[in-house]
Amino acid sequence: KGHFLVCKWLKEMGASVSKANKEGQTPLWFACSNGHLKVAKWLYENGAKADVTKMNRNGITPMHMACRGGHLLVCKWLGARRHIFVFISY
């Protein structure tokens with residue numbers, strides 16, 4: 001579902017849109033991983049632009065995860081921003 005309204009509310013309460021967890025995964029990373037395009041766009045427009053190419057601790061980017069999950073619209077959106085990724089084998 002993406003919980004778009006929850007994301008907006010959390011930001012209003014002072015939450016960071018780009019703070020990574022201990023694994024290096026940001027909110028944008030999770031949105032792309034789960035195919036939540038509306039949330040990914042909102043995060044990007046609200047301060048998470050640098051996160052589109054940010055790798056987690058294992059070197060995995062939001063694009064990797066979007067592709068792996070078969071989230072074509074998210075992949076196209078990321079690709080339109082020229083945020084190209086390196087192919088890795090799983």
Side-chain angles (χ1 to χ4, degrees):
K1 294 182 180 183
H3 305 291
F4 178 70
L5 294 177
V6 173
C7 293
K8 287 179 71 173
W9 178 78
L10 286 169
K11 184 173 188 286
E12 290 170 9
M13 296 289 104
S16 170
V17 296
S18 61
K19 183 161 175 70
N21 65 15
K22 66 181 179 177
E23 299 297 320
Q25 300 153 331
T26 64
L28 184 72
W29 193 94
F30 281 107
C32 293
S33 297
N34 292 294
H36 301 304
L37 181 58
K38 183 176 179 179
V39 172
K41 286 179 177 181
W42 181 84
L43 290 165
Y44 183 85
E45 293 166 0
N46 284 275
K49 286 185 181 175
D51 296 347
V52 293
T53 56
K54 187 172 183 179
M55 295 180 188
N56 71 359
R57 223 173 63 164
N58 297 315
I60 307 297
T61 67
M63 179 66 97
H64 285 108
M65 294 305 293
C67 290
R68 186 175 186 188
H71 305 301
L72 181 59
L73 294 178
V74 175
C75 294
K76 287 181 176 183
W77 177 75
L78 288 168
R81 273 134 205 86
R82 300 186 189 272
H83 299 297
I84 307 305
F85 60 98
V86 177
F87 284 97
I88 61 169
S89 59
Y90 291 96

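We use all heavy atoms of the structure for the numbers below, so side chains are in, but hydrogens, waters and symmetry mates are not.
- By the side chain to side chain contact (heavy atoms under 4.5 Å, CB included) test, Ala20 is found to be paired with Thr26, Lys54, residues two or more places apart in sequence or in another chain being considered.
- Between Val39 and Ala31, the shortest heavy-atom contact is CG1-CB, 3.9 Å.
- To the nearest 0.5 Å, atoms CG (Leu78) and CE (Met65) are separated by 12.5 Å.
- Phe4 contributes atom CZ, which lies 11.0 Å from atom CG of Leu37 (distance to the nearest 0.5 angstrom).
- To the nearest 0.5 angstrom, Ser33 atom OG is 7.5 Å from His71 atom NE2.
- Listed here is the closest heavy atom pair of Pro62 and Asp51: CG-O, 3.5 Å.
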Please list every donor-acceptor pair under 3.5 Å in which a side-chain atom of residues 5-17 meets a protein atom from a residue at least two apart or in another chain.
from, atom 1, to, atom 2, distance (Å)
Ser16, OG, Ser18, N, 3.1
Ser16, OG, Lys19, N, 3.0

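- A pairwise comparison of heavy atoms in Thr61 and Thr53 identifies CG2-O, 3.8 Å as the closest pair.
- Under the salt bridge (Lys or Arg N to Asp or Glu O under 4.0 Å) criterion, the residue pairs touching residues 22-38 are Glu23-Arg57, with sequence neighbours excluded.
- Looking at residues two or more places apart in sequence or on another chain, you find a side chain to side chain contact (heavy atoms under 4.5 Å, CB included) between Asn56 and Gln25, Trp29, Asn58, Ile60.
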